[in-house]
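Reading through the structure tokens given below for one structure.
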Amino acid sequence: MNLLAEGIVQALAWKPFLFAILGSFMGIVFAAIPGLTVSMGIILLLPFTFHMASVTSMSLLVGVFVGGMTGGSISAILINIPGNPAAIVTSLDGHPLARKGRAGVALGVAFFSSFLGGLFSLACLVTIAPQLADFALKFGAPELASLVLLGLCLICGFAQTSMSKALISGVLGLSFATVGMDPIDSIPRFTFSVVQIQQGVSFLPVMIGLFAVPEIISGMRGSAVSLPDFSTRLRDLLPSPGTLAGLWKTLAQSSLIGTTIGLLPGTGSAVAAVLSYNTAQRRSTEPESFGKGKLEGVSAPEAANSAMTGGAMIPMLTLGIPGDPVTAVMLGALTIQGLAPGPLLFESHGGFVFSIFGSFFIALFLTIVIALLGIRLFVQVLRVPPGLLFPSIAVFCVIGAFALQNSFFDVFLMIGFGLLGYFMQKFDYPIMPLLLAIILGPVFEKNARMSLILSDGDPGIFFRKPISLVFLALALVYLVSVFLKRTSFWRDRSRA
Amino acid sequence: MTEESKKIRQHVGRLAVPILLVVFYVWYGSLILELPQGPGEEGPLGPSFIPWLWASLLIVLTLVEIATGNLGARRDKERVVIERKSVLDALILCLLLAGFALLMQYTGFTPAVALFLAICFWWSGIRSWKIILPYVVIFAFVVNYVFHHVLKVPLPQDWLF
């Protein structure tokens with residue numbers, strides 16, 4: 001508790017606080033505008049953090065993360081176009097409420113649910129993360145290799161498309177991860193004498209290319225949206241205490257679902273939102289009224305969506321395994337700051353980790369204040385023509401790719417991966433396994449080969465260590481269960 | 001177009017990605033063969049060990065994808081429709097980005113941004129110079145000032161600056 005208090009004090013210093021305000025604001029804007037995503041927002045703000053102190057830079061990025069989880073509901077409720085995938089579920093009841101003239105109430109409930117879900121997940125983060133980091137210190141090379149393998153299997157399994165496509169995407173990423181110096185023998189591989197990739201494929205240009213460029217291509221020729229009229233006065237947005245009290249069960253169960261889902265790599269906020277919405281509907285005394293403008297239908301996905309943030313930060317900070325695109329970008333940001341996420345981060349930079357928790361706490365409060373007071377401005381932002389917005393974002397993408405190493409090669413790398421990401425999306429190949437495989441590939445290779453060298457090439461080392469065996473068994477059980485579930489699905493479909 | 005030729009096109013469309021993956025596999029495999037052994041002479045555990053693992057996994061998965069996507073359960077479910085216009089849009093934007101990066105090396109950041117934005121706005125349908133001119137000039141100068149002078153993020157400064 002003392003450490004958290006110290007973290008909050010660090011995050012309250014004027015610079016981190018100022019950037020937390022900016023981050024929360026930008027997060028809401030990025031999530032509110034259809035076509036832009038929170039991960040894109042963080043990627044675009046990364047170049048701003050290159051020369052910042054680590055606490056300040058994390059305040060900015062955590063602010064975007066937390067703000068982004070709230071902002072998606074604005075466009076979902078007002079124009080029925082979700083700002084992010086999780087807000088698709090919010091629009092099911094949020095937009096009908098707006099059509100009934102209750103947009104203000106829907107937005108207010110969404111903001112407060114998001115806030116409370118975030119607070120719950122922060123409490124879990126502060127409680128669980130240090131314990132898990134302590135436990136993870138016991139991991140040796142075989143355990144780490146097996147854990148990374150489990151993480152990659154989970155990510156592929158949760159892909160919405162075919163399992164083979166997700167696995168192909170992951171293995172392609174693992175192949176890209178072999179570019180650069182071999183981690184054991186320091187022999188250059190697949191570098192074609194290009195100096196810029198001697199240390200491996202640079203993470204930031206790849207990330208910008210995969211996530212931002214396809215969105216820019218798709219969004220460039222879009223048209224501006226028209227918005228319904230509604231009151232943006234504070235008193236019309238604030239839900240009454242009675243309304244919030246009536247939602248407590250939904251809020252509690254959705255927060256728990258969101259945090260748990262966040263813990264699993266590859267799941268993301270959309271899964272959390274769908275699961276919590278379904279649970280709320282199943283447990284409701286009036287399930288038939290869901291989808292027609294029910295406040296529980298707004299509260300459940302928003303609380304879960306926000307609660308996912310704290311959950312997703314747990315494996316990223318303690319094990320160095322990002323759970324979703326946003327935490328993958330945050331991991332990249334920490335690496336740029338010279339910090340390696342994982343169990344040792346808690347030992348060597350415990351104060352800094354708690355300052356991240358402190359920034360999270362501050363960002364939650366800032367987000368709800370900014371969302372409530374700035375709703376009029378966010379509504380105006382939705383009116384900006386995509387033709388103006390997306391080219392400007394493209395400029396920030398180029399700056400982001402260029403500025404890390406002052407390298408035009410990285411800009412061309414970004415463009416190449418942008419095209420790859422665009423066509424992967426078109427052919428229904430998920431991007432997330434590719435990106436995470438690029439991040440986790442070198443970790444896997446180093447630990448797997450070290451284990452095999454230690455055991456004179458005997459792969460039994462992965463099965464003799466109990467923790468490693470558990471991870472491998474979980475990966476196998478998971479893959480088999482996903483395979484069986486999908487084959488039975490197709491069998492049923494072909495019979496029908 | 002006859003029904004038969006439509007079917008052939010869809011079939012080829014579904015095979016396009018697996019074929020590309022096989023080509024990638026052959027290329028990647030040929031590069032792995034050229035890798036030297038590690039200094040430790042660890043035999044199969046040298047620098048080519050993990051690349052071989054991924055290459056083998058990739059070819060197995062590609063065969064699975066061909067089997068399930070073209071011969072198996074998904075053959076009637078999957079219709080990948082890619083419009084020529086969207087491919088063209090993607091290529092044009094990537095060319096514009098590449099042109100922007102190349103131009104930036106010679107003219108510096110500000111003029112390159114201004115030109116890139118003006119072309120993009122025109123291309124995306126914003127044709128009013130009253131909007132384009134002030135926007136690109138202010139945007140280019142403000143972004144350059146903020147990044148280069150306030151945040152100390154180095155941007156190419158050549159022409160004009």
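All chains are named by letter (A, B, ...) in the order of the sequence lines, taking the proteins before the strands, and each is independently numbered beginning at 1. What you are looking at is a predicted structure, and each value in this text was computed from that prediction instead of being measured.
- No donor-acceptor distance shorter than 3.5 angstrom exists from the side chain of A:Ser169 to the backbone of A:Lys165, with no hydrogens or angles considered.
- Ranked by heavy-atom pairs shorter than 4.5 Å toward chain A, the options B:Leu117, B:Val113, B:Leu57 are led by B:Leu117.
- The six-membered or imidazole ring of B:Trp54 lies away from that of B:Phe49, with a centre-to-centre distance of 6.0 Å or more.
- At a 4.5 Å heavy-atom cutoff, A:Phe409 makes no contact with chain B through either its backbone or its side chain.
- When heavy atoms are compared at a cutoff of 4.5 Å, B:Leu93 approaches chain A solely by way of its side chain, counted from C-beta outward.
- Ranking B:Phe116, B:Phe147, B:Phe100 against chain A, the residue ahead of the rest is B:Phe147, based on heavy-atom pairs under 4.5 Å.
- With chain B as partner, the option from A:Ala448, A:Ser186, A:Pro183, A:Pro391 having the largest number of non-hydrogen pairs under 4.5 angstrom is A:Pro391.
- The two residues A:Ile461 and A:Ser451 come nearest to each other via the heavy atoms CD1-O, 3.6 Å.
- Closest of all the heavy-atom pairs between A:Phe390 and A:Glu215 is CE2-O, 3.7 Å.
- Most heavy-atom pairs under 4.5 Å with chain B, from the set A:Gly457, A:Ala401, A:Ser392: that is A:Ser392.
- For the set B:Ala112, B:Ala55, B:Cys120, B:Cys94, the count of heavy-atom pairs under 4.5 angstrom toward chain A peaks at B:Cys94.
- Between the side chains of A:Gln405 and A:Ser202, at least one donor N or O sits under 3.5 Å from an acceptor N or O.
- Taking chain B as the reference chain and counting heavy-atom pairs below 4.5 Å, the highest number among A:Val171, A:Leu388, A:Thr49 is found for A:Leu388.
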- Message: Is there a ring pair (Phe, Tyr, Trp, His ring centres under 6.0 Å) between A:Phe417 and A:Phe176? Walk through the geometry before answering.
- Response: CA-CA 11 Å; A:Phe417 273 92; A:Phe176 290 135; 5.3 Å; yes
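- Heavy-atom distances place the side chain of B:Val143, and not its backbone, under 4.5 Å from chain A.
- Between chain B and the options A:Leu174, A:Val395, A:Ile399, the largest number of non-hydrogen pairs under 4.5 Å is found for A:Leu174.
- Both the backbone and the side chain of B:Leu58 come within less than 4.5 Å of a heavy atom of chain A.
- Of the atoms belonging to B:Ile32, heavy atoms from both backbone and side chain fall under 4.5 Å from chain A.
- Applying the side chain to side chain donor-acceptor pair (under 3.5 Å) test to every pair with at least one member in residues 20-31 of chain B, sequence neighbours left out, gives these pairs: A:Thr178-B:Tyr28.
- Put simply, CG on B:Leu115 and OG1 on B:Thr110 are 12.5 Å apart, with the number rounded to the nearest 0.5 Å.
- Ranked by non-hydrogen atom pairs under 4.5 Å with chain B, the options A:Leu167, A:Asp456, A:Leu419, A:Ile168 are led by A:Ile168.
- Most heavy-atom pairs under 4.5 Å with chain B: of the set A:Val411, A:Leu172, A:Ile184, A:Val213, this distinction falls to A:Leu172.
- The part of B:Val146 that comes within reach of chain A is its side chain, from C-beta onward, which places non-hydrogen atoms under 4.5 angstrom from that chain.
- Every residue two or more places apart in sequence or in another chain that forms a ring-ring contact (aromatic ring centres under 6.0 Å, His included) with B:Tyr135 is listed here: B:Phe121, B:Phe139.
- Salt bridge status for A:Asp182 with A:Lys446: absent, with no side-chain N to carboxylate O gap under 4.0 Å.
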